[in-house]
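Let me begin by presenting the structure, written as structure tokens, before commenting on it.
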Amino acid sequence: MPNYYDLSAESSVCDSEDDAFSNESDDDGTASAEGLASDHRCILHVDVDCFYCQCEVQDRQIPKDKPFAIGQKHIIVTSNYAARAMGVKKLQSRTAAYEACPQLLIIEGSDLERYRIHARKIYQVFRAACKRVHPEIAVRRGSMDEMMADLSVAISIDGDDRVDYSNDNVYIYGANGRESIALTEDQTGVCSKIVQEFQVRSLGPSEWSCSERLQRASHIALQIRREILQSTGFTTTMGVSVNPLLAKIASGLKKPATVNVLFPWRSQSLLASMPLRMIPGVGRTTVKALQHCLEKNAVSSQPNFWTCQDLLSVPKQDIVSCLEQVPLFKHSCEVQADIILQKCIGVDHSQIQDDEGGAPKALSVENSFRRGTLVRKDVLCAELEELYRRLSRLLHERREWSHSSRLAYPTTIKLTLRTVDEKLASKKRRPFVTRSKQSSFDGLAFMQLRDSAQQVAFLKRAALPLLHAFELKSDVIDITRASIATTGFQDLSARPKDSPTYFTQPCQSNMSTFIEQTEHGKSRSPRDALNGASTKMSIHEQASMFHNNKIDPSILSQLPPDVISELRQVKPKKRQRIDDYFKRL
DNA sequence: CTGGGGTCCT
DNA sequence: AGGACCC
């Protein structure tokens, strides 16, 4: 008998579904419970538990229960749970960490190469597992330790409902009935724990079907979690809900090695007390900008601690005018205000776009220096040598991502330097200025070099002109960070499938202006404009496409593979000519 | 306000 | 080329 949470109590609830939920009100920005259940999706969010630490456990012999941390420069970036229990924090200075935990073992983790290899394996296992459940599940890599999938297409299919939860920790938030059962496993064996979840109201019909779908999704999540563990040895935490925002919040509810199912109607109270800053997409700058209208309207519990509820009590027009101060939101502050407010009530319409395998769009290596330590150009050049070596290895490792490894080469290289700005040093909190120079890069030639010394020399020949372009005054330069990035990978420039981001790059910029025009003309959201454009291309747009010598995607996708490859090979040459054109100006 | 990355949007 | 965001 399946042993998740007690559904028997809900049979009585179903009787009353005709009028039990009639208290819907959309008046003052509060979403109705039925409204929250109206997103018919099932989104899965995956977090690898303290990822760097699990990597180190696999790569070296570390005693069980030994508190350890990963160090970069003079800080530690993460630590295992034994160390956290002793009070070791993320992004803490090494000294502070030792104070909290004198026996702490710190492992140097500045070179991320091994972590990236583990991350790739995990993602590829995750992706394959999802596609095996249903080939049309959209899967996307977030970062090295985060992944998402849209399980919606797989929900209606029959699955084994008799899932054995006994080896997994499953937490269900907002279940109907007054309680849900959480099964946990510790050294003494399997035990079950009752998690109190108050559900005053009974469920309406769409809530009911929502809970059925999320349940099914949680079964799939469990399967996938086990597969990741079996194939890679990594434990993960999963969040299951109706949209990416809530799925991500869900995965953070109970950490490590769990599946967290968050029903949308439970999210309201959760979000209300949540710091605004914790909403994905709301960063430091945004909170700063909103601070004015928050102070004016909200009853602040603590200074500089704002919750989603606080923002919801602010008139929308105030929010809009605050967001005008953020340069990035300047021309879209109404839309942005809506997006943030919607997030505060748990609504998020963003889609998960399949990433076609997840090959990185950019590869970069960087090194940082303490203020005042890197003041000479020749020292900088010496430091760059190390970056060439690391970038070279990364570029070759990336081929393991690529579906067509012959095209797994970049076409652009960029050098970025962060310097201390003396003028800003006194007043601003971030006295740094970041500048970059880029140029085209013959990645194909680079990838064909066999000898690693030649590879380094090749990168150097590409990077030094960029360094020269900075025209650094030789005496007083104070570099605090240097990075080299490569982008424009050819295996990413054409998509095999139909999607809104299907167009090749020059065409994409056409899309941008198209979106802007529709936005100014009408109050359509960018997403609407994008969808409208992708479903049917106007005659005008098709003509423009032909004129610019681009290939209609729907035609391209029907060509034989070898022809497609040839067509793709042609592109770099065209780009090269464009580059030359701009160089002459 | 730290580190070594990444994404997307002007 | 640069900024804001994410981990």
Side-chain angles (χ1 to χ4, degrees), chain A residues 45-48 50-52 69-78 89-97 108-116 119 123 140-148 244-245 248 251-252 277-289 323 325-332 335-336 339-340 350 353 355 358-371 386-387 390-391 394 398 412 414-418 428-439 466 469-470 480-487 492 501 508-509 511-513 515-516 519 526:
Chain A
H45 181 270
V46 183
D47 251 300
V48 184
C50 50
F51 172 60
Y52 288 2
I70 309 299
Q72 286 172 348
K73 291 295 183 308
H74 64 283
I75 67 165
I76 61 154
V77 289
T78 188
K89 303 274 191 354
K90 287 181 180 180
L91 302 187
Q92 198 172 32
S93 73
R94 290 188 189 233
T95 8
E108 180 57 38
S110 289
D111 189 342
L112 305 187
E113 189 182 355
R114 281 181 302 114
Y115 304 148
R116 294 196 222 217
Y123 179 69
R140 191 171 186 83
R141 184 175 58 99
S143 62
M144 274 197 284
D145 65 343
E146 268 191 42
M147 300 156 280
M148 285 237 213
L245 170 74
K248 181 169 179 152
S251 67
R277 188 55 227 277
M278 283 182 57
I279 298 293
V282 179
R284 238 181 91 216
T285 314
T286 306
V287 173
K288 259 286 185 188
L323 290 180
Q325 295 156 21
V326 182
L328 192 67
F329 295 160
K330 183 106 186 180
H331 301 296
S332 61
V335 178
Q336 294 301 329
I339 290 176
I340 294 175
S350 66
Q353 299 280 342
D355 63 19
K361 297 175 177 173
L363 273 192
S364 67
V365 288
E366 64 182 66
N367 201 350
S368 63
F369 314 96
R370 255 204 265 234
R371 253 190 270 198
E386 165 70 14
L387 297 186
R390 280 159 55 186
L391 183 56
L394 254 43
R398 187 186 173 284
T412 301
K414 176 167 70 170
L415 176 67
T416 303
L417 298 180
R418 192 184 71 180
K428 287 219 175 181
R429 58 164 51 70
R430 268 182 36 187
F432 301 120
V433 51
T434 301
R435 294 226 181 81
S436 65
K437 306 281 180 192
Q438 61 175 291
S439 71
L466 298 176
F470 275 104
T480 58
R481 179 152 68 206
S483 82
I484 307 175
T486 51
T487 53
L492 300 174
T501 55
Q508 256 180 354
S509 69
M511 285 295 295
S512 295
T513 63
I515 290 166
E516 270 179 20
E519 244 189 298

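Throughout, a chain's letter reflects where its sequence line sits, starting with A, and its residues are numbered from 1. Please read all numbers here as calculations on a predicted model, not as lab measurements.
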Fill in: Atom-to-atom span, CD1 of A:Ile76 to P of B:dG3 - whole angstrom
13 Å
Discussion item. Using a heavy-atom cut-off of 4.0 Å across all strands, would you classify A:Glu146 as base, sugar-phosphate, or nothing?
Written reply: sugar-phosphate
Worksheet item: Does B:dG4 have OP1 or OP2 sitting under 4.0 Å from an N or O in the side chain of A:Ser483?
Response: no
Practice prompt. Could you check which of C:dA1, C:dC6, C:dC5 has an atom nearest any side-chain atom of A:Arg277?
Written response: C:dC6
Practice prompt. Could you please name the option among B:dT2, C:dC5, C:dA1 that lies closest to any side-chain atom of A:Phe432?
Written response: B:dT2
Worksheet item: Which listed nucleotide (B:dG5, B:dG3, C:dC6) is nearest to the side chain of A:His74?
Response: B:dG3
Discussion item. Does A:Val326 reach a base, just sugar-phosphate, or nothing at all? Heavy atoms under 4.0 Å.
Written reply: nothing
Worksheet, complete the sentence: Result for 5'-nearest mapping on DNA chain B, choosing between A:Leu394 and A:Pro327, is A:Leu394
Worksheet entry | Options B:dT2, C:dC7, B:dG6, nucleotide nearest the side-chain atoms of A:Leu363 | B:dG6
Practice prompt. Between B:dG5, B:dC9, B:dG4, spot the one nearest the side chain of A:Arg390, thanks.
Written response: B:dG5
Worksheet item: Roughly, in whole Å, what's the span from CZ in A:Arg141 to C1' in C:dC6?
Response: 13 Å
Discussion item. Using the side-chain heavy atoms of A:Leu328, tell me which of these nucleotides is nearest: B:dC9, C:dC6, B:dG4.
Written reply: B:dC9
Practice prompt. Name the nucleic acid region contacted by A:Ile279, choosing base, sugar-phosphate or nothing; use a 4.0 angstrom heavy-atom cut-off, strictly under.
Written response: sugar-phosphate
Discussion item. Does atom CZ (A:Arg114) have a neighbourhood of more than 12 heavy atoms from anything else shown, all under 6.0 Å?
Written reply: yes
Discussion item. In this structure, how many angstroms lie between the C1' atom of B:dG3 and the OH atom of A:Tyr52, rounded?
Written reply: 8 Å
Worksheet item: What is the nucleic acid contact for A:Thr286, judged by heavy atoms within less than 4.0 Å: base, sugar-phosphate only, or nothing?
Response: sugar-phosphate
Practice prompt. Please tell me which of the listed nucleotides, B:dG4, C:dA1, B:dT7, lies nearest to the side chain of A:Ser436?
Written response: C:dA1
Worksheet item: Roughly how many Å is it from CE in A:Met148 to P in B:dT7, rounded to a whole number?
Response: 15 Å
Worksheet item: Which heavy atom in A:Lys437 sits nearest to a heavy atom in A:Ala469, and how many Å separate them?
Response: CE-O, 3.6 Å
Worksheet item: Just by distance, with hydrogens left out, do A:Arg418 and A:Thr480 show a side-chain donor and acceptor under 3.5 Å apart?
Response: yes
Practice prompt. Could you state the atom-to-atom distance from CG of A:Asp145 to C1' of B:dG5 in whole Å?
Written response: 12 Å
Worksheet item: Over how many whole Å does the gap from A:Lys361 atom NZ to B:dC8 atom P extend?
Response: 3 Å
Worksheet, complete the sentence: Residue pair A:Leu112/A:Ala362 against DNA chain B: nearer the 5' end by closest nucleotide is A:Leu112
Worksheet entry | Separation of atom CG in A:Leu387 from atom P in B:dG5, rounded to whole Å | 8 Å
Worksheet item: So what does A:Lys89 hit on the nucleic acid, given a heavy-atom distance under 4.0 Å: a base, only sugar-phosphate, or nothing?
Response: nothing
Worksheet item: Just to confirm, is there a sub-4.0 Å distance from OP1 or OP2 of B:dC1 to any side-chain nitrogen or oxygen of A:Arg371?
Response: no
Discussion item. B:dG6, OP1 or OP2 - any side-chain N/O from A:Ser364 closer than 4.0 Å?
Written reply: yes
Worksheet item: Which part of the nucleic acid, if any, lies within reach of A:Arg435 when heavy atoms closer than 4.0 Å are counted: base, sugar-phosphate only, or nothing?
Response: sugar-phosphate
Worksheet item: If only side-chain N and O atoms of A:Ser368 are considered, is one of them under 4.0 Å from the OP1 or OP2 phosphate oxygen of B:dG4?
Response: yes
Item to complete: Would you indicate which nucleotide in C:dC5, B:dT2, C:dC7 comes nearest to any side-chain atom of A:Arg418?
Response: B:dT2
Worksheet item: Does the side chain of A:Gln353 reach to within under 4.5 Å of the side chain of A:Arg140, using non-hydrogen atoms?
Response: yes
Discussion item. When you measure from the side-chain N and O atoms of A:Arg284 to the phosphate of C:dC5, is any distance below 4.0 Å, counting only OP1 and OP2?
Written reply: no
Discussion item. Measuring from the side chain of A:Ser143 (C-beta onward, heavy atoms only), which nucleotide among B:dC8, B:dG4, C:dC7 has the closest atom?
Written reply: C:dC7
Practice prompt. Specify the separation, in whole Å, of atom NZ of A:Lys73 and atom C1' of B:dC1.
Written response: 16 Å
Worksheet item: Hey, are A:Arg94 and A:Glu108 close enough for a salt bridge, meaning a charged N less than 4.0 Å from a carboxylate O?
Response: yes
Worksheet item: Looking only at heavy atoms, what is the nearest atom pair of A:Lys89 and A:Ile76, with distance?
Response: O-CD1, 3.4 Å
Practice prompt. May I ask you to say what A:Leu91 touches in the nucleic acid, namely base, sugar-phosphate or nothing, with a heavy-atom cut-off under 4.0 Å?
Written response: base
Worksheet entry | Proximity to the side chain of A:Arg116 - top-ranked nucleotide from C:dC5, C:dC7, B:dG6 | B:dG6
Item to complete: Look at A:Lys330 and B:dC9 and indicate whether a side-chain polar atom (N or O) is within less than 4.0 Å of OP1 or OP2.
Response: no
Discussion item. Under 4.0 Å, counting only non-hydrogen atoms across every strand here, what does A:Arg94 touch: a base, just sugar-phosphate, or nothing?
Written reply: nothing
Discussion item. Does any part of the side chain of A:Thr78, heavy atoms only, come nearer than 4.5 Å to the side chain of A:Phe51, both counted from C-beta?
Written reply: no
Worksheet item: Would you say A:Gln438 and A:Thr486 make side-chain contact, with heavy atoms under 4.5 Å?
Response: no
